[in-house]
Amino acid sequence: MPEAEVDPPLLSNADLATIFHEIGDMLEVKGELVFKTVAYHRAADAIAHEPVELARLYREGNPPKVAGVGQAISDKLAELSRTGRLDFYDRLVAEVPAGLLGLLRVPGVGPKTVRILYESLGIDGLDELRRAAQAGRLRTVKGLSEKTEASILAGIASLETRSNRMLLGVAEALVDGLVAELSTIPGVSRVEPAGSYRRRRETIGDLDLLAETTDAGVLVQHFSGLPGVERVLGAGAHKAAIRLSGGPQVDLMIMPPGEAGTYLIHFTGSKDHNIRLLGIARERGWSLSEKGYLRLAEEAEPVIRGTDARSTAPELRTFSTEEEAYAFLGLPFIEPELREDRGEIEAAQAGTLPSLIRLVDLRGDLHSHSDWSDGVHSIEQMAEAARARGHAYQVLTDHTRSLAIARGLTPDRVRLQRAVVAQLNTRFEREEADGRAPAATPDEGFRLLHGCELEIRADATLDYDDDLLAQYDVVVASVHVGRSQTREQLTQRVLAAIRSPYVDVIAHPAGRKVQGRDDLNLDWDLVFAEAARTGTALEMNGSDHRLDLADQRARRAIATGCLLALDSDAHRIEEFRHLEWAVGQARRAWVEPAMVLNTRSRAELLAWVAGKATRLAARG
DNA sequence: GCCGTTTTCGGCCCGACTGTTTTCAGTCG
């Protein structure tokens, strides 16, 4: 047979990360040096977070430097990118039974235990482990007992019922409830959420809470007995952990009053950020843990002292605030959303940390729906709710004709809707004049702006003609159908929308769903470049199941010079809170107010919209 | 396996809790 040289399909960064995580797991079970396994996991995380498509760059012979990827892993990446396979990985898979990796997921079972179970009882899967534990065979192994058996059975059960990582909305509801409950316990003066929730990561695994109290025993006892507790995972003098039924694990840490600074830093993380801080502390002769900074011991004295040499406790420095704790290292305060070791330490040292956008910087919202298409509340209800938030504008962007499933508007309905909007604005204007409505700012009251969420059709045409589009205040365009087209087709569709003089914003550009659907296969470099060139804003959609653009992509977009829009995509009045999550995600992307279209006043926004149409139309 | 304005070798975060033990190992965050 003639050998046709066909390139194997490109592996995504997520595929590559999975492979290296599995390598790390297999090496752990094999009993390989811990630091080597950690190196693989670290590299896998770095690969997963890379905003560029690594396999493609490797194949083009232009691999970027990735932190945590050295020569050995880089060679493996090259092999995977070129051939789609990795000999080293295949050999490991042949050597380590697949079921062993599943055992690692059981809480309380680590690589050492997996190894012992396999070598002494031949257990290489979850079902076998369960049967062996139920039959009381684990206790026959040296180092394991009846108690271990019970805890492994409980671990398997919780693994099977455990929900995945939570979306922000779910986490927020739980955190609010827990903080409210714990705050009422006698002696408790303060309860603070920490962890990935405080860093506003897009999904949350465990919840971390920090508390100040004068009576740790009472707090831990109440905490362990909260309604909804399925199991108490641990309860000590300084910390406790519970699992909520059908929900996440909640860790509670108790802080001595007045020493919150390093506790907040330690338990907010991320781990990588903390490791960097520790490194800086060590350079200065201090160790760092949640308890504070501990003076490192001097080098051992070579001279043998008499028996009267007294060892005194090393000096401990504690701080009541994070600002002070960072200042001890010569650093300014670093916002929680930045603490991922993605350059924030260097920026802090250089004095170039960004002034992150805040919710109060937003003057309006460019994307929302009403019951005219697939929203729940009426135009008036949505407008009233937006006005109550103190905004200067809300853009009503119901779906367009071809998105029939969302009751997209026909051109006739569009004209009717415009009249409704105009009527409402007349009332708002009158109420302001009468002093009956709160002005959003001293110089600008609230107006509902008329827009649409314009469908970018599968054939790369837009859903309405230019004459109709020209009548809108603001147009956001997005892809809903034909998601599985080729990279070239999808990219051309988005570029066509970006190049329209009448499209102002590309909504949820990646078309992703958190934990549900991958990003559209777009040539992002091209999309960002064209958006920057034409002055088309890219949306950071705040819905907690979208969060699109995601943080790393958005960071790349602003590096290319793109303007962003932070939107709620509210389909009901409660969903205006999505703006808070859009802001959280934007802060994780190092976004400053000037990079965001809807931090501008209404007059500035409308001038900008008119500017794009004029500029591009003049260019032909 | 990665990494280096004090290192190309020798480090790689620290501490609480739990369980099986008479001083510690494994796991977790």
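Naming convention: chains lettered A, B, ... in sequence-line order (proteins, then strands); numbering from 1 in each chain. This one's a predicted model, so the numbers in the text were calculated from it and none came from an experiment.
Here the nucleotide nearest the side chain of A:Lys36, chosen from B:dC3, B:dC14, B:dG1, is B:dG1. For A:Lys291, taking side-chain heavy atoms from C-beta onward, the closest of the listed nucleotides B:dA16, B:dT27, B:dG19 is B:dA16. With distances taken from any side-chain atom of A:Thr148 to the nucleotides B:dG1, B:dC14, B:dG19, the minimum falls on B:dG19. In the set B:dG29, B:dC14, B:dG1, B:dG1 carries the atom at the smallest distance from any side-chain atom of A:Ile73. Which of B:dC14, B:dG26, B:dC12 sits closest to the side chain of A:Ser289 comes down to B:dC14. The side chain of A:Thr113 sits closest to B:dT27 out of B:dG19, B:dT27, B:dG15. Comparing B:dA16, B:dG29, B:dG1 by their closest approach to the side chain of A:His238 singles out B:dA16.
For A:Leu278 and B:dC14, the CG to P distance is 5 Å, given to the nearest whole Å. Taking atom CD on A:Glu28 and atom P on B:dT27, their separation rounds to 9 Å, with Å as the unit. Taking atom CG on A:Leu27 and atom P on B:dC2, their separation rounds to 12 Å, with Å as the unit. Atom P of nucleotide B:dC14 and atom CZ of A:Arg276 are separated by 16 Å, given to the nearest angstrom. When the C1' atom of B:dA16 is taken as reference, atom CG of A:Leu233 falls 14 Å away, rounded to whole Å. Going from atom NZ of A:Lys239 over to atom C1' of B:dA16 covers 4 Å, rounded to whole Å. Atom CG of A:Leu296 and atom P of B:dC14 are 8 Å apart (whole Å). What separates CD1 of A:Ile275 from P of B:dC3 is a distance of 14 Å, to the nearest Å.
Note on residues 179-199 of chain A: pairs passing salt bridge (Lys or Arg N to Asp or Glu O under 4.0 Å), not counting sequence neighbours, are A:Arg190-A:Glu192, A:Arg190-A:Glu212, A:Arg198-A:Glu322, A:Arg199-A:Glu340.
Separating the C1' atom of B:dT23 from that of B:dT18 is a span of 15 Å, rounded to the nearest Å. The separation of B:dT5 from B:dG1, taken at their C1' atoms, amounts to 24 Å, rounded to a whole angstrom. Distance noted for atom P between B:dA16 and B:dG11: 25 Å (whole Å). Here, B:dG26 and B:dT21 have their P atoms 13 Å apart, quoted to the whole Å. Here, B:dG10 and B:dG15 have their C1' atoms 24 Å apart, quoted to the whole Å. Rounded to whole Å, the P atom of B:dC13 lies 14 Å from the corresponding atom of B:dC3.
A sub-4.0 Å separation between OP1 or OP2 of B:dC28 and a side-chain N or O of A:Lys271 is absent. Of the side-chain N and O atoms in A:Arg282, one or more sit less than 4.0 angstrom from OP1 or OP2 of B:dC12. In this model, the phosphate group of B:dT21 is not approached by any side-chain N or O of A:Lys147 to a distance below 4.0 Å at OP1 or OP2. Applying the 4.0 Å criterion to OP1 and OP2 of B:dG29, one finds that A:Gln249 has a side-chain N or O inside that range.
Among the protein residues, A:Val69 comes within range of the sugar-phosphate backbone only, with heavy atoms under 4.0 Å from sugar or phosphate atoms but none that close to a base. Nucleic acid contact class of A:Tyr40 (heavy atoms, under 4.0 Å, all strands): sugar-phosphate only. Nucleic acid contact class of A:Gly269 (heavy atoms, under 4.0 Å, all strands): none. Across all strands shown, A:Leu33 has heavy atoms under 4.0 Å from base atoms, whether or not it also approaches the sugar-phosphate. Residue-level contact check: A:Ala235 touches the backbone only, with heavy atoms under 4.0 Å from sugar-phosphate atoms and none from bases. Heavy atoms of A:Ala237 sit under 4.0 angstrom from primed sugar atoms or phosphate atoms, though from no base atom. Within the 4.0 angstrom heavy-atom criterion, only backbone atoms of the sugar-phosphate kind lie near A:Asp251; the bases stay farther away. At a threshold of 4.0 angstrom between heavy atoms, the contacts of A:Val109 are confined to the sugar-phosphate backbone, with no base atom among them.
Between A:Phe328 and A:Trp286, the ring-plane angle classifies as perpendicular under the 30° and 60° cut-offs.
Under the 4.5 Å side-chain criterion, counting only non-hydrogen atoms from C-beta, A:Gln249 is not in contact with A:Leu207. Residues A:Ser120 and A:Leu144 have side chains not in contact (no heavy-atom distance under 4.5 Å, counting atoms from C-beta outward).
For the 3.5 Å distance criterion, the side chains of A:Thr203 and A:Arg165 qualify, holding a donor opposite an acceptor. Side-chain contact annotation: A:Ser320 with A:Glu324, donor-acceptor N/O pair under 3.5 Å present. A:Ser74 and A:Tyr58 are linked by a side-chain donor-acceptor pair at a separation below 3.5 angstrom, with hydrogens and angles left out of the test.
Remark: B:dA16 base-pairs with B:dT27. Criterion, Watson-Crick or G-U wobble with two distances under 3.5 Å.
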Can you give one letter per nucleotide of nucleotides 4-9 of chain B, going 5' to 3': B for a protein heavy atom under 4.0 Å from the base, S for sugar-phosphate only, - for none?
------
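Cation-pi geometry between A:Arg200 and A:Tyr197 is satisfied (NZ or CZ under 6.0 Å from the ring centre, within 45° of the ring normal). Cation-pi geometry between A:Lys291 and A:Tyr263 is not met at under 6.0 angstrom from the ring centre and within 45 degrees of the axis.
In the region residues 320-349 of chain A, proximity to DNA chain B at under 4.0 angstrom, judged on heavy atoms, holds for none of the residues.
Ranked by how close their nearest DNA chain B nucleotide is to the 5' end, A:Val66 and A:Ser151 are led by A:Val66. Each of A:Leu144 and A:Leu294 lies near DNA chain B, and the nucleotide nearest A:Leu294 is the one positioned closer to the 5' end.
To the nearest 0.5 angstrom, A:Asp544 atom CG is 9.0 Å from A:Glu172 atom CD.
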